[in-house]
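Following: one structure in C-alpha coordinates, then a few remarks.
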Amino acid sequence: MDTIAFNRLYHIVTFGCQMNKADSERMAGILENMGFERSPDPNQADLIVYNTCTIRDNAEQKVYSYLGRQAKRKHNEPNLTLVVAGCVAQQEGEALLRRVPELDLVMGPQHANRLEDLLQQVFDGNQVVATETVHIVEDITKPRRDSTVTAWVNVIYGCNERCTYCVVPNVRGVEQSRTPEAIRAEMEQLGRLGYKEITLLGQNIDAYGRDLPGTTPEGRHLHTLTDLLYYVHDVPTIERIRFATSHPRYFTERLIKACAELPKVCEHFHIPFQSGDNEILKQMSRGYTQEKYRRIIDTVRRYMPDASISADTIVGFPGETEAQFENTLQLVTDIEFDHLNTAAYSPRPGTPAALWDNQLSEEVKSDRLQRLNHLVNVQAERRNQRYLNRTEEVLVEDQNPKDPSQVMGRTRGNRLTFFTGNISQLRGKLVRVKITDARAFSLTGEIVQPGYLGQEKMASYSL
Ligand code: SAH
Ligand code: SF4
Ligand code: F3S
(Lines give C-alpha, C1' and ligand atoms only; values in the text may rest on other atoms or scores of the structure.)
(Ligands and ions follow the chains in the order given, each with its own letter.)
Protein backbone atom coordinates (compact mmCIF):
# COMPACT_ATOMS: atom_id res chain seq x y z
CA MET A 1 0.00 0.00 0.00
CA ASP A 2 2.78 2.44 0.82
CA THR A 3 3.61 3.05 -2.83
CA ILE A 4 0.16 4.51 -3.52
CA ALA A 5 0.10 8.27 -3.15
CA PHE A 6 -3.37 9.45 -2.15
CA ASN A 7 -5.46 12.15 -3.80
CA ARG A 8 -4.31 10.84 -7.11
CA LEU A 9 -6.67 11.35 -10.04
CA TYR A 10 -8.16 8.72 -12.33
CA HIS A 11 -9.98 8.92 -15.63
CA ILE A 12 -11.91 6.13 -17.37
CA VAL A 13 -12.78 6.07 -21.06
CA THR A 14 -15.48 3.53 -21.90
CA PHE A 15 -16.16 2.06 -25.34
CA GLY A 16 -18.72 -0.54 -26.37
CA CYS A 17 -21.82 -2.00 -24.81
CA GLN A 18 -23.70 -1.72 -21.52
CA MET A 19 -21.63 -4.54 -19.99
CA ASN A 20 -18.56 -2.37 -20.42
CA LYS A 21 -20.36 0.62 -18.95
CA ALA A 22 -21.35 -1.49 -15.95
CA ASP A 23 -17.75 -2.77 -15.58
CA SER A 24 -16.41 0.80 -15.76
CA GLU A 25 -18.70 1.85 -12.93
CA ARG A 26 -17.41 -1.05 -10.83
CA MET A 27 -13.78 -0.19 -11.62
CA ALA A 28 -14.46 3.48 -10.75
CA GLY A 29 -15.89 2.30 -7.41
CA ILE A 30 -12.75 0.27 -6.72
CA LEU A 31 -10.48 3.21 -7.60
CA GLU A 32 -12.39 5.59 -5.33
CA ASN A 33 -12.25 3.04 -2.57
CA MET A 34 -8.47 3.02 -3.03
CA GLY A 35 -8.38 6.81 -2.56
CA PHE A 36 -8.34 7.94 -6.18
CA GLU A 37 -10.49 10.87 -7.24
CA ARG A 38 -12.20 11.26 -10.57
CA SER A 39 -10.76 13.70 -13.09
CA PRO A 40 -12.94 14.75 -16.03
CA ASP A 41 -9.78 15.63 -17.98
CA PRO A 42 -7.58 12.68 -19.01
CA ASN A 43 -4.56 14.98 -19.29
CA GLN A 44 -4.74 15.78 -15.56
CA ALA A 45 -5.14 12.15 -14.51
CA ASP A 46 -2.42 10.02 -12.89
CA LEU A 47 -4.16 6.81 -13.92
CA ILE A 48 -6.17 6.22 -17.07
CA VAL A 49 -8.28 3.16 -17.79
CA TYR A 50 -9.39 2.45 -21.33
CA ASN A 51 -12.27 0.00 -21.14
CA THR A 52 -12.29 -1.27 -24.68
CA CYS A 53 -14.55 -2.90 -27.28
CA THR A 54 -13.59 -5.10 -30.21
CA ILE A 55 -16.98 -5.93 -31.71
CA ARG A 56 -15.99 -4.28 -35.01
CA ASP A 57 -12.65 -3.18 -36.37
CA ASN A 58 -13.47 0.54 -36.10
CA ALA A 59 -14.24 0.14 -32.38
CA GLU A 60 -10.81 -1.41 -31.86
CA GLN A 61 -8.95 1.20 -33.93
CA LYS A 62 -10.42 4.02 -31.83
CA VAL A 63 -8.60 2.65 -28.79
CA TYR A 64 -5.21 2.76 -30.46
CA SER A 65 -5.57 6.40 -31.40
CA TYR A 66 -6.53 7.36 -27.82
CA LEU A 67 -3.73 5.25 -26.39
CA GLY A 68 -1.10 6.74 -28.68
CA ARG A 69 -1.67 10.21 -27.22
CA GLN A 70 -1.31 9.14 -23.58
CA ALA A 71 1.62 6.83 -24.30
CA LYS A 72 3.46 9.92 -25.57
CA ARG A 73 2.54 11.86 -22.43
CA LYS A 74 4.01 9.09 -20.33
CA HIS A 75 7.45 9.81 -21.75
CA ASN A 76 7.42 13.13 -19.86
CA GLU A 77 5.36 11.90 -16.91
CA PRO A 78 6.68 8.45 -16.03
CA ASN A 79 4.34 8.15 -13.03
CA LEU A 80 1.30 8.05 -15.29
CA THR A 81 -0.36 4.61 -15.03
CA LEU A 82 -1.99 3.30 -18.22
CA VAL A 83 -4.51 0.46 -18.10
CA VAL A 84 -6.27 -1.26 -20.98
CA ALA A 85 -9.28 -3.22 -19.76
CA GLY A 86 -12.19 -4.86 -21.55
CA CYS A 87 -12.51 -6.79 -24.76
CA VAL A 88 -9.49 -5.57 -26.78
CA ALA A 89 -7.34 -6.36 -23.74
CA GLN A 90 -8.74 -9.87 -23.61
CA GLN A 91 -8.32 -10.41 -27.34
CA GLU A 92 -4.82 -8.99 -27.70
CA GLY A 93 -3.29 -9.81 -24.29
CA GLU A 94 0.53 -9.71 -24.41
CA ALA A 95 0.46 -8.46 -28.00
CA LEU A 96 -0.84 -5.15 -26.69
CA LEU A 97 2.32 -4.68 -24.62
CA ARG A 98 4.43 -5.22 -27.70
CA ARG A 99 2.37 -2.69 -29.62
CA VAL A 100 2.22 -0.13 -26.77
CA PRO A 101 5.13 -0.85 -24.38
CA GLU A 102 4.14 2.13 -22.19
CA LEU A 103 1.17 0.13 -20.86
CA ASP A 104 1.20 -0.92 -17.20
CA LEU A 105 -1.78 -3.24 -17.07
CA VAL A 106 -3.76 -5.24 -19.64
CA MET A 107 -6.82 -6.87 -18.08
CA GLY A 108 -9.74 -8.80 -19.58
CA PRO A 109 -13.36 -8.16 -18.59
CA GLN A 110 -13.46 -11.12 -16.23
CA HIS A 111 -10.82 -9.37 -14.10
CA ALA A 112 -12.70 -6.09 -13.59
CA ASN A 113 -13.41 -6.87 -9.93
CA ARG A 114 -9.71 -7.59 -9.33
CA LEU A 115 -8.53 -4.11 -10.31
CA GLU A 116 -7.14 -3.28 -6.85
CA ASP A 117 -5.06 -6.46 -6.69
CA LEU A 118 -3.73 -5.97 -10.17
CA LEU A 119 -2.82 -2.34 -9.51
CA GLN A 120 -0.90 -3.38 -6.39
CA GLN A 121 1.27 -5.52 -8.64
CA VAL A 122 1.76 -2.55 -10.97
CA PHE A 123 2.70 -0.23 -8.10
CA ASP A 124 5.18 -2.90 -6.97
CA GLY A 125 6.94 -2.32 -10.30
CA ASN A 126 5.44 -4.99 -12.57
CA GLN A 127 3.93 -4.79 -16.02
CA VAL A 128 0.83 -7.02 -15.69
CA VAL A 129 -1.32 -9.00 -18.12
CA ALA A 130 -4.48 -10.58 -16.66
CA THR A 131 -6.38 -12.43 -19.33
CA GLU A 132 -6.64 -15.98 -17.98
CA THR A 133 -10.13 -17.45 -17.62
CA VAL A 134 -11.43 -16.97 -14.10
CA HIS A 135 -14.70 -17.55 -12.34
CA ILE A 136 -16.05 -14.06 -11.74
CA VAL A 137 -16.26 -13.56 -8.00
CA GLU A 138 -19.33 -11.89 -6.53
CA ASP A 139 -18.63 -8.20 -6.45
CA ILE A 140 -18.23 -6.86 -2.94
CA THR A 141 -17.15 -3.40 -4.04
CA LYS A 142 -19.53 -0.49 -4.42
CA PRO A 143 -19.74 0.74 -8.01
CA ARG A 144 -19.54 4.45 -8.69
CA ARG A 145 -22.63 4.76 -10.85
CA ASP A 146 -22.97 7.55 -13.39
CA SER A 147 -26.68 8.07 -12.68
CA THR A 148 -28.55 8.39 -9.40
CA VAL A 149 -31.83 7.27 -11.01
CA THR A 150 -31.11 4.32 -13.29
CA ALA A 151 -28.67 1.48 -12.76
CA TRP A 152 -27.41 -1.66 -14.44
CA VAL A 153 -27.34 -4.99 -12.68
CA ASN A 154 -25.46 -7.88 -14.25
CA VAL A 155 -27.34 -11.15 -14.14
CA ILE A 156 -25.27 -13.31 -16.45
CA TYR A 157 -21.73 -12.85 -17.73
CA GLY A 158 -20.31 -14.35 -20.94
CA CYS A 159 -21.99 -16.11 -23.85
CA ASN A 160 -22.10 -19.76 -24.93
CA GLU A 161 -23.42 -19.07 -28.43
CA ARG A 162 -21.14 -19.34 -31.40
CA CYS A 163 -22.51 -16.84 -33.88
CA THR A 164 -19.96 -17.10 -36.68
CA TYR A 165 -19.26 -13.35 -36.90
CA CYS A 166 -18.96 -12.58 -33.19
CA VAL A 167 -15.95 -12.10 -30.86
CA VAL A 168 -17.98 -11.89 -27.66
CA PRO A 169 -17.64 -15.57 -26.61
CA ASN A 170 -13.86 -15.32 -27.16
CA VAL A 171 -13.49 -12.22 -25.03
CA ARG A 172 -16.23 -12.60 -22.41
CA GLY A 173 -15.91 -16.33 -21.79
CA VAL A 174 -18.56 -18.89 -20.92
CA GLU A 175 -21.87 -18.10 -19.29
CA GLN A 176 -21.84 -17.48 -15.53
CA SER A 177 -25.13 -16.61 -13.88
CA ARG A 178 -25.30 -14.76 -10.60
CA THR A 179 -27.65 -16.25 -8.03
CA PRO A 180 -31.16 -14.78 -7.77
CA GLU A 181 -30.37 -13.90 -4.14
CA ALA A 182 -27.28 -11.86 -5.09
CA ILE A 183 -29.23 -10.06 -7.83
CA ARG A 184 -32.14 -9.26 -5.55
CA ALA A 185 -29.80 -8.08 -2.79
CA GLU A 186 -28.10 -5.67 -5.21
CA MET A 187 -31.49 -4.39 -6.37
CA GLU A 188 -32.69 -3.88 -2.80
CA GLN A 189 -29.56 -1.92 -2.05
CA LEU A 190 -30.17 0.23 -5.15
CA GLY A 191 -33.73 0.80 -3.99
CA ARG A 192 -32.46 1.99 -0.60
CA LEU A 193 -30.07 4.37 -2.37
CA GLY A 194 -32.99 5.94 -4.23
CA TYR A 195 -32.59 4.32 -7.66
CA LYS A 196 -35.86 3.97 -9.57
CA GLU A 197 -35.03 1.95 -12.69
CA ILE A 198 -32.92 -1.14 -13.15
CA THR A 199 -31.75 -2.76 -16.36
CA LEU A 200 -30.80 -6.39 -15.94
CA LEU A 201 -27.84 -7.18 -18.17
CA GLY A 202 -26.52 -10.15 -20.08
CA GLN A 203 -25.14 -10.68 -23.61
CA ASN A 204 -27.65 -13.47 -23.98
CA ILE A 205 -29.91 -12.80 -21.03
CA ASP A 206 -32.35 -15.56 -21.98
CA ALA A 207 -29.61 -18.03 -21.05
CA TYR A 208 -29.88 -16.87 -17.44
CA GLY A 209 -29.82 -19.74 -14.96
CA ARG A 210 -28.80 -22.54 -17.32
CA ASP A 211 -25.56 -22.95 -15.38
CA LEU A 212 -27.20 -22.79 -11.94
CA PRO A 213 -28.10 -26.06 -10.20
CA GLY A 214 -31.63 -27.44 -9.94
CA THR A 215 -34.50 -28.51 -12.17
CA THR A 216 -38.28 -28.45 -11.73
CA PRO A 217 -40.30 -31.71 -11.60
CA GLU A 218 -41.04 -31.17 -15.33
CA GLY A 219 -37.29 -31.09 -16.03
CA ARG A 220 -37.09 -27.35 -16.64
CA HIS A 221 -34.19 -25.33 -15.24
CA LEU A 222 -35.14 -24.10 -11.80
CA HIS A 223 -33.80 -20.61 -12.49
CA THR A 224 -34.78 -18.89 -15.72
CA LEU A 225 -35.04 -15.24 -16.67
CA THR A 226 -38.81 -15.49 -16.29
CA ASP A 227 -38.48 -16.87 -12.76
CA LEU A 228 -35.95 -14.17 -11.97
CA LEU A 229 -38.39 -11.44 -13.05
CA TYR A 230 -41.07 -12.86 -10.75
CA TYR A 231 -38.50 -13.10 -7.97
CA VAL A 232 -37.27 -9.49 -8.19
CA HIS A 233 -40.26 -7.55 -9.48
CA ASP A 234 -41.44 -6.42 -6.05
CA VAL A 235 -38.17 -4.95 -4.78
CA PRO A 236 -39.35 -1.92 -2.79
CA THR A 237 -39.12 1.57 -4.35
CA ILE A 238 -37.78 0.26 -7.68
CA GLU A 239 -40.39 1.47 -10.18
CA ARG A 240 -39.14 0.06 -13.46
CA ILE A 241 -37.29 -3.02 -14.63
CA ARG A 242 -35.82 -3.60 -18.10
CA PHE A 243 -33.58 -6.34 -19.43
CA ALA A 244 -31.24 -6.83 -22.40
CA THR A 245 -30.12 -8.48 -24.68
CA SER A 246 -32.64 -11.12 -25.74
CA HIS A 247 -31.87 -13.94 -28.17
CA PRO A 248 -34.74 -15.00 -30.47
CA ARG A 249 -33.74 -18.62 -30.10
CA TYR A 250 -34.66 -18.71 -26.44
CA PHE A 251 -37.32 -16.00 -26.19
CA THR A 252 -40.37 -17.80 -24.74
CA GLU A 253 -44.06 -17.03 -24.52
CA ARG A 254 -43.75 -17.62 -20.78
CA LEU A 255 -41.32 -14.68 -20.62
CA ILE A 256 -43.62 -12.49 -22.72
CA LYS A 257 -46.52 -13.34 -20.42
CA ALA A 258 -44.47 -12.43 -17.35
CA CYS A 259 -43.59 -9.06 -18.87
CA ALA A 260 -47.25 -8.38 -19.62
CA GLU A 261 -48.26 -9.41 -16.09
CA LEU A 262 -45.61 -7.65 -14.02
CA PRO A 263 -46.34 -3.93 -13.83
CA LYS A 264 -42.76 -2.81 -13.18
CA VAL A 265 -41.34 -4.65 -16.18
CA CYS A 266 -41.36 -2.15 -19.05
CA GLU A 267 -42.90 -3.01 -22.42
CA HIS A 268 -39.54 -2.64 -24.08
CA PHE A 269 -37.70 -5.48 -25.79
CA HIS A 270 -34.30 -5.53 -27.42
CA ILE A 271 -34.27 -8.61 -29.64
CA PRO A 272 -31.57 -8.54 -32.34
CA PHE A 273 -32.46 -10.45 -35.53
CA GLN A 274 -29.15 -9.87 -37.44
CA SER A 275 -30.62 -10.81 -40.86
CA GLY A 276 -34.02 -11.21 -42.48
CA ASP A 277 -32.80 -14.06 -44.67
CA ASN A 278 -32.93 -17.71 -43.59
CA GLU A 279 -29.81 -18.81 -45.46
CA ILE A 280 -27.76 -15.99 -43.94
CA LEU A 281 -29.18 -16.73 -40.48
CA LYS A 282 -28.00 -20.30 -40.95
CA GLN A 283 -24.54 -19.16 -42.02
CA MET A 284 -24.48 -16.98 -38.91
CA SER A 285 -25.43 -20.03 -36.75
CA ARG A 286 -28.24 -18.05 -35.14
CA GLY A 287 -30.51 -21.06 -34.72
CA TYR A 288 -33.84 -19.52 -35.81
CA THR A 289 -35.60 -18.51 -39.00
CA GLN A 290 -37.03 -15.12 -39.96
CA GLU A 291 -40.50 -16.71 -39.68
CA LYS A 292 -39.80 -17.61 -36.06
CA TYR A 293 -38.58 -14.08 -35.39
CA ARG A 294 -41.78 -12.64 -36.86
CA ARG A 295 -43.84 -15.01 -34.69
CA ILE A 296 -42.04 -13.79 -31.56
CA ILE A 297 -42.80 -10.17 -32.41
CA ASP A 298 -46.43 -11.08 -33.18
CA THR A 299 -46.72 -12.75 -29.78
CA VAL A 300 -45.15 -9.78 -27.99
CA ARG A 301 -47.60 -7.46 -29.73
CA ARG A 302 -50.55 -9.74 -29.00
CA TYR A 303 -49.84 -9.47 -25.26
CA MET A 304 -48.64 -5.85 -25.34
CA PRO A 305 -49.92 -4.10 -28.49
CA ASP A 306 -47.88 -0.99 -27.86
CA ALA A 307 -44.62 -2.67 -26.87
CA SER A 308 -41.47 -0.91 -28.00
CA ILE A 309 -39.24 -3.22 -30.01
CA SER A 310 -35.61 -2.62 -30.86
CA ALA A 311 -33.02 -4.82 -32.51
CA ASP A 312 -29.55 -5.08 -34.05
CA THR A 313 -28.82 -6.16 -37.57
CA ILE A 314 -25.78 -6.72 -39.75
CA VAL A 315 -25.54 -6.03 -43.49
CA GLY A 316 -22.93 -7.40 -45.87
CA PHE A 317 -22.31 -10.70 -44.09
CA PRO A 318 -20.01 -12.90 -46.25
CA GLY A 319 -21.87 -14.16 -49.34
CA GLU A 320 -24.96 -11.99 -48.75
CA THR A 321 -26.65 -11.46 -52.15
CA GLU A 322 -28.71 -8.43 -53.10
CA ALA A 323 -31.85 -10.56 -52.80
CA GLN A 324 -30.84 -11.74 -49.31
CA PHE A 325 -30.18 -8.16 -48.25
CA GLU A 326 -33.62 -7.22 -49.57
CA ASN A 327 -35.10 -9.82 -47.24
CA THR A 328 -33.62 -7.79 -44.38
CA LEU A 329 -35.18 -4.62 -45.81
CA GLN A 330 -38.49 -6.47 -46.06
CA LEU A 331 -38.37 -7.65 -42.46
CA VAL A 332 -37.59 -4.11 -41.29
CA THR A 333 -40.42 -2.72 -43.42
CA ASP A 334 -42.90 -5.25 -42.08
CA ILE A 335 -42.00 -5.13 -38.39
CA GLU A 336 -41.52 -1.37 -37.97
CA PHE A 337 -38.99 -1.26 -35.16
CA ASP A 338 -38.91 1.52 -32.63
CA HIS A 339 -35.16 1.51 -32.83
CA LEU A 340 -32.65 -0.43 -34.90
CA ASN A 341 -28.85 -0.59 -34.50
CA THR A 342 -27.35 -1.29 -37.89
CA ALA A 343 -23.78 -2.26 -38.76
CA ALA A 344 -21.76 -3.37 -41.76
CA TYR A 345 -20.18 -6.76 -41.22
CA SER A 346 -16.62 -6.49 -39.92
CA PRO A 347 -14.38 -9.60 -40.01
CA ARG A 348 -13.05 -10.28 -36.52
CA PRO A 349 -9.98 -12.25 -35.52
CA GLY A 350 -10.71 -15.70 -34.18
CA THR A 351 -14.22 -15.94 -35.67
CA PRO A 352 -15.16 -18.49 -38.35
CA ALA A 353 -16.77 -16.10 -40.84
CA ALA A 354 -13.63 -13.95 -41.01
CA LEU A 355 -11.84 -16.83 -42.76
CA TRP A 356 -14.43 -17.42 -45.47
CA ASP A 357 -13.48 -16.44 -48.98
CA ASN A 358 -16.84 -14.91 -49.94
CA GLN A 359 -16.27 -11.55 -48.23
CA LEU A 360 -18.08 -8.59 -49.79
CA SER A 361 -16.37 -5.37 -50.82
CA GLU A 362 -16.48 -2.31 -48.56
CA GLU A 363 -18.45 -0.50 -51.29
CA VAL A 364 -21.23 -3.08 -51.32
CA LYS A 365 -21.36 -3.14 -47.52
CA SER A 366 -21.52 0.62 -47.14
CA ASP A 367 -24.10 0.97 -49.93
CA ARG A 368 -26.36 -1.55 -48.18
CA LEU A 369 -25.82 0.10 -44.82
CA GLN A 370 -26.86 3.47 -46.25
CA ARG A 371 -29.97 2.04 -47.84
CA LEU A 372 -30.98 0.33 -44.63
CA ASN A 373 -30.29 3.42 -42.52
CA HIS A 374 -32.43 5.51 -44.82
CA LEU A 375 -35.35 3.12 -44.35
CA VAL A 376 -34.79 3.06 -40.57
CA ASN A 377 -34.82 6.87 -40.30
CA VAL A 378 -37.99 7.27 -42.33
CA GLN A 379 -39.67 4.55 -40.28
CA ALA A 380 -38.52 5.84 -36.89
CA GLU A 381 -39.93 9.27 -37.61
CA ARG A 382 -43.26 7.84 -38.77
CA ARG A 383 -43.49 5.39 -35.92
CA ASN A 384 -42.74 8.04 -33.30
CA GLN A 385 -45.76 10.04 -34.48
CA ARG A 386 -47.96 7.58 -32.64
CA TYR A 387 -46.91 9.24 -29.39
CA LEU A 388 -48.21 12.66 -30.45
CA ASN A 389 -50.94 13.96 -28.08
CA ARG A 390 -50.59 10.89 -25.88
CA THR A 391 -49.79 11.09 -22.19
CA GLU A 392 -46.70 9.04 -21.37
CA GLU A 393 -45.10 8.08 -18.06
CA VAL A 394 -41.60 9.58 -17.95
CA LEU A 395 -38.91 8.85 -15.36
CA VAL A 396 -36.87 12.05 -15.05
CA GLU A 397 -33.12 11.39 -15.17
CA ASP A 398 -31.36 14.67 -15.82
CA GLN A 399 -31.35 18.21 -17.06
CA ASN A 400 -31.37 18.66 -20.84
CA PRO A 401 -27.69 19.55 -21.43
CA LYS A 402 -28.71 21.73 -24.39
CA ASP A 403 -31.49 23.62 -22.57
CA PRO A 404 -31.27 24.01 -18.78
CA SER A 405 -34.94 25.03 -18.57
CA GLN A 406 -35.81 21.48 -19.61
CA VAL A 407 -35.44 18.09 -17.99
CA MET A 408 -35.14 14.76 -19.76
CA GLY A 409 -36.11 11.21 -19.08
CA ARG A 410 -37.45 8.09 -20.74
CA THR A 411 -40.88 6.67 -21.37
CA ARG A 412 -41.58 3.03 -20.50
CA GLY A 413 -40.86 2.29 -24.16
CA ASN A 414 -37.39 3.86 -23.70
CA ARG A 415 -38.12 7.01 -25.74
CA LEU A 416 -35.98 9.97 -24.74
CA THR A 417 -38.41 12.78 -23.77
CA PHE A 418 -37.79 16.46 -22.98
CA PHE A 419 -40.10 18.88 -21.17
CA THR A 420 -39.92 22.15 -19.21
CA GLY A 421 -39.22 21.57 -15.54
CA ASN A 422 -36.82 22.01 -12.63
CA ILE A 423 -34.33 19.16 -12.27
CA SER A 424 -33.81 19.66 -8.54
CA GLN A 425 -37.52 18.98 -7.96
CA LEU A 426 -38.02 16.35 -10.62
CA ARG A 427 -34.95 14.11 -10.70
CA GLY A 428 -35.96 10.50 -10.05
CA LYS A 429 -39.68 11.28 -10.27
CA LEU A 430 -42.19 9.49 -12.46
CA VAL A 431 -44.34 12.11 -14.14
CA ARG A 432 -47.08 12.17 -16.73
CA VAL A 433 -46.10 14.07 -19.86
CA LYS A 434 -48.33 15.02 -22.74
CA ILE A 435 -46.35 14.65 -25.98
CA THR A 436 -46.45 17.74 -28.19
CA ASP A 437 -43.65 17.02 -30.67
CA ALA A 438 -42.33 13.72 -32.01
CA ARG A 439 -39.04 13.49 -33.90
CA ALA A 440 -37.29 10.35 -35.19
CA PHE A 441 -35.31 9.72 -32.01
CA SER A 442 -36.86 11.83 -29.26
CA LEU A 443 -40.05 13.45 -28.00
CA THR A 444 -40.97 16.80 -26.44
CA GLY A 445 -43.96 17.32 -24.18
CA GLU A 446 -45.42 19.13 -21.22
CA ILE A 447 -46.05 17.92 -17.70
CA VAL A 448 -49.63 16.99 -16.87
CA GLN A 449 -51.02 17.81 -13.40
CA PRO A 450 -50.88 16.20 -10.93
CA GLY A 451 -47.23 15.63 -11.71
CA TYR A 452 -46.20 12.46 -9.93
CA LEU A 453 -47.09 8.84 -10.36
CA GLY A 454 -46.59 5.64 -8.44
CA GLN A 455 -44.94 5.72 -5.05
CA GLU A 456 -43.81 9.29 -5.61
CA LYS A 457 -47.33 10.76 -5.60
CA MET A 458 -47.13 14.23 -4.02
CA ALA A 459 -50.17 16.31 -4.84
CA SER A 460 -48.60 19.46 -3.43
CA TYR A 461 -46.17 19.84 -6.32
CA SER A 462 -46.75 22.68 -8.73
CA LEU A 463 -44.59 23.87 -11.60
N1 SAH B 1 -25.63 -10.68 -27.68
C2 SAH B 1 -26.29 -9.87 -28.61
C3 SAH B 1 -25.42 -8.82 -29.27
C4 SAH B 1 -23.99 -8.75 -29.06
S5 SAH B 1 -22.93 -7.71 -29.95
C6 SAH B 1 -26.96 -10.76 -29.66
O7 SAH B 1 -26.82 -11.93 -29.65
O8 SAH B 1 -27.62 -10.23 -30.52
C9 SAH B 1 -23.90 -6.32 -30.44
C10 SAH B 1 -24.18 -6.26 -31.90
O11 SAH B 1 -23.03 -6.04 -32.66
C12 SAH B 1 -24.75 -7.54 -32.47
O13 SAH B 1 -26.11 -7.66 -32.24
C14 SAH B 1 -24.44 -7.42 -33.93
O15 SAH B 1 -25.50 -6.81 -34.64
C16 SAH B 1 -23.21 -6.53 -33.96
N17 SAH B 1 -22.03 -7.29 -34.35
C18 SAH B 1 -21.45 -8.32 -33.69
N19 SAH B 1 -20.40 -8.79 -34.38
C20 SAH B 1 -20.29 -8.03 -35.50
C21 SAH B 1 -19.40 -8.04 -36.62
N22 SAH B 1 -18.42 -8.92 -36.72
N23 SAH B 1 -19.61 -7.12 -37.60
C24 SAH B 1 -20.62 -6.23 -37.52
N25 SAH B 1 -21.48 -6.19 -36.48
C26 SAH B 1 -21.33 -7.08 -35.48
FE1 SF4 C 1 -22.28 -12.75 -30.03
FE2 SF4 C 1 -24.15 -14.43 -30.73
FE3 SF4 C 1 -23.32 -14.38 -28.21
FE4 SF4 C 1 -24.76 -12.40 -29.17
S5 SF4 C 1 -25.42 -14.51 -28.92
S6 SF4 C 1 -22.91 -12.22 -27.96
S7 SF4 C 1 -24.07 -12.25 -31.27
S8 SF4 C 1 -22.11 -15.01 -29.99
FE1 F3S D 1 -17.80 -4.66 -27.34
FE2 F3S D 1 -17.06 -6.38 -25.55
FE3 F3S D 1 -19.47 -5.32 -25.44
S4 F3S D 1 -16.61 -6.48 -27.70
S5 F3S D 1 -19.95 -4.89 -27.56
S6 F3S D 1 -17.57 -4.25 -25.19
S7 F3S D 1 -18.91 -7.41 -24.94
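As the structure lists them, so they are numbered: ligands from 1, and atoms in each ligand from 1. Owing to the predicted nature of the structure, the values given are computational and were not obtained by experimental measurement. Reckoned from all heavy atoms, side chains included, excluding hydrogens, waters and symmetry mates.
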Protein contact of atom 4 (Fe) of ligand 2 - nearest heavy atom, named by residue and atom, plus distance | Arg286 NH1, 4.2 Å
Looking only at atom types and distance, does a side-chain atom of Gln330 sit under 3.5 Å from a main-chain N or O of Glu326, one as donor and one as acceptor?
-> no
For Gln324 and Thr321, indicate whether the former's side chain and the latter's backbone hold a donor-acceptor pair under 3.5 Å.
-> yes
Which protein residues have a heavy atom closer than 4.0 Å to any atom of ligand 1, listed by chain and number?
-> Ile55, Arg56, Tyr165, Gln203, Thr245, Pro272, Gln274, Arg286, Asp312, Ile314, Ala343, Ala344, Tyr345, Ser346, Arg348
Which residues and atoms, protein N, O or S only, are under 2.8 Å from atom 1 (Fe) of ligand 2?
-> Cys166 SG
Applying side chain to side chain donor-acceptor pair (under 3.5 Å), run through Ser24 and Asn51 and close with a yes or a no.
-> CA-CA 7 Å; Ser24 285; Asn51 195 10; 3.0 Å; yes
How many N, O or S atoms of the protein are nearer than 2.8 Å to atom 1 (Fe) of ligand 3?
-> 1
Judged by atom type as modelled, is there a donor-acceptor pair below 3.5 Å linking the side chain of Asn400 to the main-chain atoms of Lys402?
-> yes
State the atoms of ligand 2, each with its element, that fall below the 4.0 Å cut-off from a heavy-atom position in His247.
-> 5 (S)
Is the Phe273 to Phe337 ring centre distance short of 6.0 Å?
-> yes
Identified side chain to side chain donor-acceptor pair (under 3.5 Å) partner of Thr342 from the options Thr328, Asn373, Asp312, Thr313 | Asn373
Is Arg286 reaching over with its side chain to a backbone N or O of Asn278, donor-acceptor style, under 3.5 angstrom?
-> no
Taking the six-membered ring for Trp, are the ring centroids of Trp356 and Phe317 within less than 6.0 Å of each other?
-> yes
Residue pairs fulfilling ring pair (Phe, Tyr, Trp, His ring centres under 6.0 Å) with at least one residue in residues 11-34, sequence neighbours excluded | Phe15-Tyr66
Can you check side chain to side chain donor-acceptor pair (under 3.5 Å) on Gln90 and Thr131, steps first, answer last?
-> CA-CA 6 Å; Gln90 185 65 36; Thr131 51; 4.8 Å; no
Are Arg99 and Tyr64 in a cation-pi setup, meaning NZ or CZ lies under 6.0 angstrom from the ring centre and within 45 degrees of the ring axis?
-> yes
Atom CG of Leu212 and atom OG of Ser177: how far apart are they, to the nearest 0.5 Å?
-> 4.5 Å
Show your reasoning for whether side chain to side chain donor-acceptor pair (under 3.5 Å) applies to Asp57 and Gln61.
-> CA-CA 6 Å; Asp57 187 55; Gln61 295 314 321; 3.2 Å; yes
When you look for heavy atoms under 4.0 Å from ligand 2, do you find them on the side chain of Arg172, its backbone, both, or neither?
-> neither
Any heavy atom of Gln203 sitting closer than 4.0 Å to ligand 3?
-> yes
Report yes or no: is the cationic atom of Arg415 (NZ for Lys, CZ for Arg) under 6.0 Å from the centre of the six-membered ring of Phe441, at an angle within 45° of the ring normal?
-> no
Working to the nearest 0.5 Å, report the span between CZ of Arg295 and CD1 of Ile297.
-> 12.0 Å
